[in-house]
Amino acid sequence: MASRFWTQGDSETEEEESDYDEEEESVAVETTTATAASRYYSGNASDSDDSDGQKRVVRRVKDKRFDEMSATVDQMKNAMKINDWVSLQESFEKINKQLGKVMRVTESDKPPNLYIKALVMLEDFLNQALANKEAKKKMSSSNAKALNSMKQKLKKNNKLYEDMINQCREKPDLFEEKVEDEQEPEDEDEDEDEDDDFDEDPATLESEESEDEEEAGKEAGESGPGWEKMLSKKDKMMDKQFKDPSQITWDTVNKKFKEVMAARGKKGTGRIELVEQLTFLTRVAKTPAQKLEILFSVVSAQFDVNPSLSGHMPINVWKQCVQNLLKILDILTQYPNIVVDDMVEPDENETQKGADHSGTIRIWGNLVAFLERVDVEYFKSLQVIDPHTREYVERLKDEPMFVVLAQNVQEYLERVGDYKGASKVALKRVELIYYKPQEVYDAMRKLAEQEIGETEESGEENRAVEESRGPPAFVATPELVPRKPTFPENSRTLMDILVSLIYKYGDERTKARAMLCDIYHHAILDEFSTSRDLLLMSHLQDSIQHMDISTQILFNRAMAQLGLCAFRVGLVVEGHSCLSELYSAGRVKELLAQGVSQSRYHEKTPEQERLERRRQMPYHMHINLELLEAVHLTCAMLLEVPNMAANAHDAKRKIISKTFRRLLEVSERQTFTGPPENVRDHVMAATRALRQGDYEKAFAVIKSLDVWKLLRNKDNVLEMLKAKIKEEALRTYLFTYSPSYDSLSLDHLSKMFDLSDAQTHSIVSKMMINEELHASWDQPTQCIVFHDVEHTRLQALAFQLTEKLTILAETNERAIESRIGGGGLEGLPLRRKDGQDYAAAAASGGGGRWQEFSFSQGRQGSSGGRMGYNVGGRSSASGLVGGFSRDRQARSGGYQGSRNQDGPGRISGTRGTQMDASTRMVNLNRGIRA
Amino acid sequence: MASKYDLTQRIAPQLDRHLVFPLLEFLQERGLYPEEDLLKAKIELLNNTNMVDYAMDIHKSLYRSDDVPTEMVERRAEVVGRLKALEEAAAPLITFLQNPNAVQELRADKQYNLQMLNDRYQIGPDQIEALYQYAKFQFECGNYSGAADYLYQYRALCTNNERNLSALWGKLAAEILMQNWDIALEELNRLKEIIDSKSFSSPLNQVQSRIWLMHWSLFIFFNHDNGRTQIIDLFNQDKYLNAIQTNAPHLLRYLATAFIVNKRRRPQFKEFIKVIQQEQYSYEDPITEFLACLYVNYDFDGAHKKMKECEEVILNDPFLGKRVEEGNFTSIPLRDEFLENARLFIFETYCRIHQRIDMSVLAEKLNLNYEEAERWIVNLIRTSKLEAKIDSKTGTILMEPNHANVYEQLIDHTKALSGRTYKLVSQLLEHAQAQVTR
């Protein structure tokens, strides 16, 4: 019942609360004396004040008090006559104070008759006033407010004197007489109380209402009293006008409808009540068009039930809302001549045209907007509900309901020819499926088939009850639209259908989102290349910065999923480049909207926090962060360990993963290393083993991670991982120990790392070709012969020096170039390749600072910055946007370069050199600025 | 097995109907598919063209009877009738064009020409349009040379861009079918310019046109003398490579072959290997696999195996397996070249990572016997393509290690620096002087 807490800010409830405190004490007193009082009664029938004869002085005081009280009662009577609730309220407070005095004076524990009579009178008047909605509406706002608070107070107050009030009602004249308890009026009171509650606070209503409305329908027989009473009340207000079905005309309904609508949004109009009234009206509507019009209002009134942005609509209201929308669709299907439109203001009497009217009837309404709102409410409710409760699961089961609705709306829109709207609806459907792997999808399909069957039954009962309780609806709508979602066997098929519709008709944002969902879904199904191609072809990396935050989050999610997918299919480099950006800022949770991360340096304003909370993903859509981290670090380890071994001399030069290096440093600084506990520890332990070339231990440590069981084809992945670890272990071993060997036999190596000869041969050959390893094969003896070209420390340093000199020279050149203008330097052999690293470093430093500075933009910036995705890709446009791909690519390439330049060797772009070239160009500019 | 790598089904949809015939002929020749199926396919193709006579012939040979279905006969009559009508419609313009004196009056200015035709010969847009229709009809009838002429003339008079484009396509097809490779190449380049120009309608359309263009160009490139270089120039362009990757990965086979056969394209070749590596999931074929084995996995046995498969593929490919007959001696030049180069590739890579190689192993890897291998290697050494020596006592080849001296490298690195700095300083001085004098 989180919602209760949300709305606690209401002034009214607080007031009530404090009231309650005051009252509580007296309740305690009363209850202790209650039994005494009754004994007192039976023993001494005469009134207490009468029996008190001795104290004269006191009596005078007592009389005085009584006079005061009766004066107040007179005041109240006057106020009632003119229906002035404000003064009535004042008098009521006064009389309560006086009561205290009187009681003290009389030293009795029983309130005087006068007071009880006043209470009875007040109560009657209040009920009368409440029943008369018309009058209530006409009240001034202060008056209405007073009425409401009066209602509250009186209720609380009267509880204390229940018995006596009952007695008084029974026999007003002989009040003193002992009467048997009559339960009925009291019952009524309580009912009124309940109703009052409804009017007052929609949030608390959720539970009670659900019992009354929905459950009443479900357990048709048993729960009688609850809703019957409600009904009686409704009848009270409605049936006044609609007593006789035969007298109802279109006009009366229309008038009432206008009246009800006019009250909407005004103070003192209960939101739930409004819905009820409108629902009643739908039953008496004369023409289908009118029914439709009213139904639309019902739905929007239902949306109004929850006023706050962060809270969600009560679930039962949500369900009704879905049902109502389905009803709308029924009508629209039944009468195809009715057109729903939100552009034109329809004629005043458009709805008068009956069912037999052949021309088009225009009704105001927007199905797509409604559907989107329903979706938003569903999403919000999932955000708010604690994911570890049963409630959450129950809520998840409502999904098929929404799917049905969406499906029907989409079909309707397609039938009408509104493909734009249909594509929006299709997107909503896509957003429900895209994160589901096939298993979950199947489960949902099964659930939908069962569940809907059940609800259909109960739904019918519900209907039956509904019909029996009021006058039968004039416009009966048969269920035309299917109430059961149809799912294709395969989630991919469904995605394809929906997505292609969206690509055809959707607007930019819809298309981009659909594309991201598509990418995500492909990635889940282990189709890495397809989803990568989609990502690159759509150029989303370039434009994502300019999109709204929710889409950026979706982009981040897609990237994370893509990274996981790459890892699963064994593409370590790609996996790493997908994930490294995500981890570079250390705000994974925030980027994926899976929880709020605390930042040490930035206090968030409450506003920001609230916004962030509103963006959170519901729990069932989360990507497991631990798995993500494990994958990221494992990839980083596989790349970084041999890389570090290869560049033992200048470790700082080529850094593939800064995050990983940092972690490694931290773990190396520890004096004692305990057994690994979390993911990081595990990976660090594995790293230590791998650096020694101990692949078995490394694999064992990695394997012992629990998170792997979240992978679907765990065994295959681990197998792949083992192979990769072996390979990297071999490479690391060769890098580290080659200076100590003159020759090494293939046999020996293969045995050491448990690889086949061919594999070893291939790995070593690759290293030779790439000139990572200065060695060659001696074919007749199957040996690797190492050439002694390893530079000495001095030589290596000399090389570094020359490189730095080159950079210096280049900086000079650039400085002059900018000073005296370009040209003139073309003839010089610019060696910009070396300069590039420098410029990149400078630029990336700048980038980092920028990220820290603009925090509110930081999210945007960082997620936008995540373009650095250099899966060996056709990073230029393949296809759809073939025309101007070149310069765009240059931009993205440059950006990428500035962010995580891993040294030229590691860029595995198809168009490696071109990318390099463009990177250089962009970096140059940046360098100048920096 | 041979038909597994047959690309006809993937290529045909991107070609003009008429261009498919040569492919089918080739297949018929190779006998990969049952003859009947091919003939049926041909009739199917011809159904939508106007070459009814040809269709009749095929029908006869397919069913071994002289009966021809009545619909064909009817169609023939219809075609002839339509031909007459079109001819009449286009007659004024054609007579004008056939008159050399009149043609001389035409100038480079299109507007002027149209005006002139309209004023003096009463030839308006209708007649010009008729010329186009007539040319198209001629093409469909199989009269390619006529169609090519008319289309050429039509293009000189046409003002409609779209029409111009389709006329160009028609001209290209006609030239290809007439095997005028030089002219076809010109047309190809003209078309390419238009496609690449920015004014082209939609990107999707553009990609599609590029794919068509590449498919059509296969005819030209594998027949033209200079084609193997040009195919790389065309296909390896960014935009075209993207199109290949997106929609027609099977074209990678031709590009790969061209790269293997063409020795001078080394820098692009490395890039291309990456493309192949990346496209492995969408397209595989012995030729690309061969490259992958050799340059991605360094699996020489695999490469060796693939080489044999490649031969098969080349023989069965209508573009690659072109036969040249000299006297009574048939050769497939591309196959020989391919094998030679592939062998060289293997050997080169192999040598790069070895210090000592056993001759017999090498001979086996190169698909040669010992003697041949030795001769081949000696030749390489003599032409100083290979720095190695043969140790004939042990039967091995010894590679000479070629590592640059560390100090040489250092000097290299720094040498340029002083030059650059010197130039820089002089430039600075110049600038300073210039400012002083100003």
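First the proteins, then the strands, lettered A, B, ... as listed; each starts at 1. Keep in mind the model is a prediction, meaning the values are calculated, not measured.
- Of the listed residues B/Asn247, B/Val361, B/Thr421, B/Leu398, the one with more heavy-atom pairs under 4.5 angstrom with chain A than any other is B/Val361.
- With a 4.5 Å cut-off on non-hydrogen atoms, A/Ala798 touches chain B through its backbone and its side chain both.
- Within the 4.5 Å cutoff, side-chain heavy atoms of B/Arg420 are placed close to those of A/Thr806.
- At least one donor-acceptor pair under 3.5 Å links the side chain of A/Gln779 to the backbone N or O of B/Asp358.
- Ranked by non-hydrogen atom pairs under 4.5 Å with chain B, the options A/Asp778, A/Asn812, A/Thr802 are led by A/Asp778.
- In terms of heavy-atom proximity, B/Thr396 sits nearest to A/Pro780 at CG2-CG, 3.8 Å.
- Smallest separation of non-hydrogen atoms from B/Tyr298 and A/His761: O-ND1, 4.3 Å.
- Interface residue B/Leu417: only side-chain heavy atoms are found under 4.5 Å from chain A.
- Here CD1 of A/Ile784 is found 10.0 Å from NE2 of B/His354. Values are rounded to the nearest 0.5 Å.
- Interface summary for chain A: among B/Leu410, B/Ile244, B/Thr414, B/Leu428, the most heavy-atom pairs under 4.5 angstrom belong to B/Leu410.
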> Going through the checks in order, is the side chain to side chain contact (heavy atoms under 4.5 Å, CB included) test met by A/Glu817 and B/Gln427?
Replying inline: CA-CA 10 Å; A/Glu817 204 168 347; B/Gln427 203 176 18; over 6 Å; no

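- Comparing A/Ile769, A/Leu808, A/Thr781, A/Leu805 by heavy-atom pairs within less than 4.5 Å of chain B, the highest count is held by A/Ile769.
- No other option in B/Gln355, B/Glu430, B/Gln208 has as many heavy-atom pairs under 4.5 Å with chain A as B/Gln355.
- The backbone N or O of B/Ile353 sits nowhere less than 3.5 Å from a side-chain atom of A/Ser776 that would complete a donor-acceptor pair.
- At a 4.5 Å heavy-atom cutoff, the contact between B/Tyr407 and chain A is made by side-chain atoms alone.
- Counted within 6.0 Å of NZ on A/Lys766, heavy atoms from surrounding residues, nucleotides or ligands total more than 12; the atom is thus considered enclosed.
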